[in-house]
Amino acid sequence: MENTEKPIKNLPGPRPKRSFNFYWIYGVIVVMILAMGLFNFNSHVVRIDISDYDNFLAQGDVQGIIVNGDAVMVTIKKDSLEKEVHKKRLAGVTLEAGAPQYTFYIGNNPQMQQQVIEQARAKQVDVRINPQNDMGKEVLQWVLFFGAIILVWMFMMRRMGGPSGPGGQIFNIGKSRAQVFEGGKSTDVTFADVAGLDEAKEELQEIVDFLKTPKKYTDLGAKIPKGALLVGPPGTGKTLLAKAIAGEAQVPFFSLSGSDFVEMFVGVGASRVRDLFKQAKEKAPSIIFIDEIDAIGRARGRNINMGSNDERENTLNQLLTEMDGFGTNTGVIILGATNRADVLDRALLRPGRFDRQIFVDMPDLNERIAIFKVHLKPLKLDIAVDVEFLARQTPGFSGADIANICNEAALIAARRKKSAVEKQDFLDAVDRVIGGLEKKNKIITNEEKRSIAFHEAGHATVSWLVEHASPLVKVTIVPRGRSLGAAWYLPDERHLTTTEQMNDEICAALGGRAAEEIMFGKVSTGALSDLEKVTKQAYAMVTMYGLNDKIGNISFYDSTGQSEYSLSKPYSDHTAQVIDEEVRHIVEAQYARAKQILTDHKDKLTALATQLLEKEVIFKEDLEVIFGDRPFGHPEEKPKAIAAENGLGLPAPAGAPAHKEDNTTVA
Ligand code: ADP
């Protein structure tokens, strides 16, 4: 998501930050407890019964009494304190000289009080009557007591995220978590900020129109659509488009993600949906944008019955009801975004709910140029930077990738203390985005390095010599991220793939391992990602695309996504066995083919690997020097492509023995 906007008003969502720290409550509580302790200056006094007092009085031990409201404080004569009975009672009490040692209560009883006073006077005991009966002190004690309780309570609410708490979870759990962007104030994204995607923009322009001038449509009797679903791979600008609609239409924009509905408590999702729609209707015309809608909109399950799933279904049902429930012309339009439209519940897609599906595809060359232009605008560029060149270097990149590359390039340039971002910074940024961080200091032994070089040279050689492999861009043995080397291709724009093309791709992917085997007579773990890819592809050929003679025109692909949860296979054990055999057959045949090609061209393979060890990175032009022109006149770089491929994706072997410290280049 673009982060140029700030939500102006957060409904229950993130709360404005309070400037004070709630931990001061700890301090206040401690102070209060101390204060209460101070007030309680009876602490050095031992409580007795009135009968004990009578005894002491009879013994002549009492020197004086202080009548303090309903309490009477008793001071014992100095020499009487030596008596065993007092010593016993006062053991462990710190006595203050001249201060009372005992106290007893006579209740709020004036007669009793009078009686005590008279008895004492009769025994020549000092009697002092404290006129004020400590109302103030008592009130203060109570106030402090309740104050402390209230503070503790507030603190606990805070901890639980109560009404005033930061998360607000417990009490606001059923409230929607939508971020609200008020119309016209903060969604400063417009269609101009969205590069390419012309068809999508055209469709959405109409929605903007609905929101701005609904009358134009309702006058003619047309119903305003309730929702549109943006479908496309991640990072292609779906969120951006949704924001642009809000920006263009200048209406409140409620943005949240499908997973925001789901909580571990039952019923919360549905309640959040209700709350969201209530808020949106209050602010109509408005837009609700639910990102990753597949989190709740997945087809209601048949075969799983887990609690979380029930909850998701309830949420979805509520969403369906709300979308149906509000009248056509309330002016709330729902936009959903997903990259898995195929798994969505059919009920969600029917007209009247998400009436329109808008496909947001990966950008082609021209669109990439446009996206680059948007994201290059804020950068300080060297004049030599050519937008088209950059767009050509980034086949299969999404808008988000391109935004990332532009930023990464600026960071790299800044690190190199340049005054403007140069072409090389962009190329390095591309490498970094695809391959991860360059690991210059990764310790690789000479032997490993040779093996990596031959592995990558094997990929390059085979892909150069088979007809349908994608054209090579460059080969590198510079370790990056988790890979130790890579051969980069520029895949063709292709919507249909034939058996031959798939076979050639598998053959090229196996070229790395085949080269290792031919040159060193042994193979390594370095082919992990190749093998993974090849296996998946071969299984897809057999079980999904119907490209295998023995299995025939049968596909076990399930576009509804239901089978993901299924424990049983949709075919018999016998078929399973045939599938496995056929997959093995395909892979082994291509491996043998790759080995054959490499054996036939061993000299060229060696030349390539040697050059790779010297230069670490070699480009298509270097290959042409070694191999001559590519045998199959492959049309030059096609604009729309799928992805560059990483050659060696080696997970760092856990607990591998320490490498011998050897430095890079080897002749
Ligand atoms: P998603 O399709 O996953 O929702 P986003 O809309 O969040 O993708 O896109 C992520 C970022 O990629 C955007 O914030 C923007 O910077 C960039 N981006 C993607 N597509 C485009 C585009 N067509 N034009 C300009 N920027 C784009």
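Quick caveat, the model's predicted, so the values are computed rather than measured. When a ligand or atom number is given, it counts from 1 through the structure's own listing order. Only heavy atoms go into these numbers, but all of them, side chains included; no hydrogens, no water, no symmetry mates.
The list of ring pair (Phe, Tyr, Trp, His ring centres under 6.0 Å) pairs with a residue in residues 401-428, not counting sequence neighbours, is empty.
Donor-acceptor pairing under 3.5 Å is lacking for the side chains of Asn407 and His375. With 3.5 Å as the limit, one finds a donor-acceptor pair spanning the side chains of Gln424 and Asp428.
At a heavy-atom distance under 4.0 Å, no atom of Glu367 approaches ligand 1.
Close contacts between ligand 1 and Gly399 involve ligand atoms 12 (O), 17 (C), 18 (N), 19 (C), 20 (N) [criterion: under 4.0 Å to a heavy atom]. Shown in contact with Ala195 at under 4.0 Å from a heavy atom are these atoms of ligand 1, numbered in order with element: 22 (C), 23 (N), 24 (N), 25 (C). Distances below 4.0 Å separate heavy atoms of Asp193 from the following atoms of ligand 1: 24 (N), 25 (C). Listed by number with element, the atoms of ligand 1 under 4.0 Å from a non-hydrogen atom of Leu197 are 23 (N). Close approach to Thr236 involves these atoms of ligand 1, each under 4.0 Å from a residue heavy atom: 2 (O), 8 (O), 19 (C), 20 (N).
Of the listed options Ala192, Ala242, Gly235, Gly235 places a heavy atom closest to atom 1 (P) of ligand 1. Around atom 8 (O) of ligand 1, the closest heavy atom drawn from Ala200, Gly237, Ser398 belongs to Gly237.
For ligand 1, the polar-atom distance check against Asp291 finds no nitrogen or oxygen pair separated by under 3.5 Å. Checked by distance only, ligand 1 and Ala400 come closer than 3.5 Å through their nitrogen or oxygen atoms.
Residue contact check for ligand 1: Leu230 places no non-hydrogen atom closer than 4.0 Å to it. Distances shorter than 4.0 angstrom occur between a heavy atom of His375 and an atom of ligand 1. Using 4.0 Å as the threshold, Pro234 has a heavy atom nearer than that to some atom of ligand 1.
Proximity of the aromatic rings of Phe254 and Phe289 is defined here by a centroid distance below 6.0 angstrom, and this criterion is not met.
Side chain of Thr394 to backbone of Phe397: no donor-acceptor contact under 3.5 angstrom is found.
Within 6.0 Å of CD on Glu206 lie more than 12 heavy atoms contributed by other residues, nucleotides or ligands.
Shown here are the salt bridge (Lys or Arg N to Asp or Glu O under 4.0 Å) partners of Lys201, two or more places apart in sequence or in another chain: there are none.
Residues Ser463 and Ala508 come closest through the heavy atom pair CB-CB, 3.9 Å.
Judged by a 6.0 Å distance limit and a 45° cone about the ring axis, Lys423 is positioned over the six-membered ring of Phe389.
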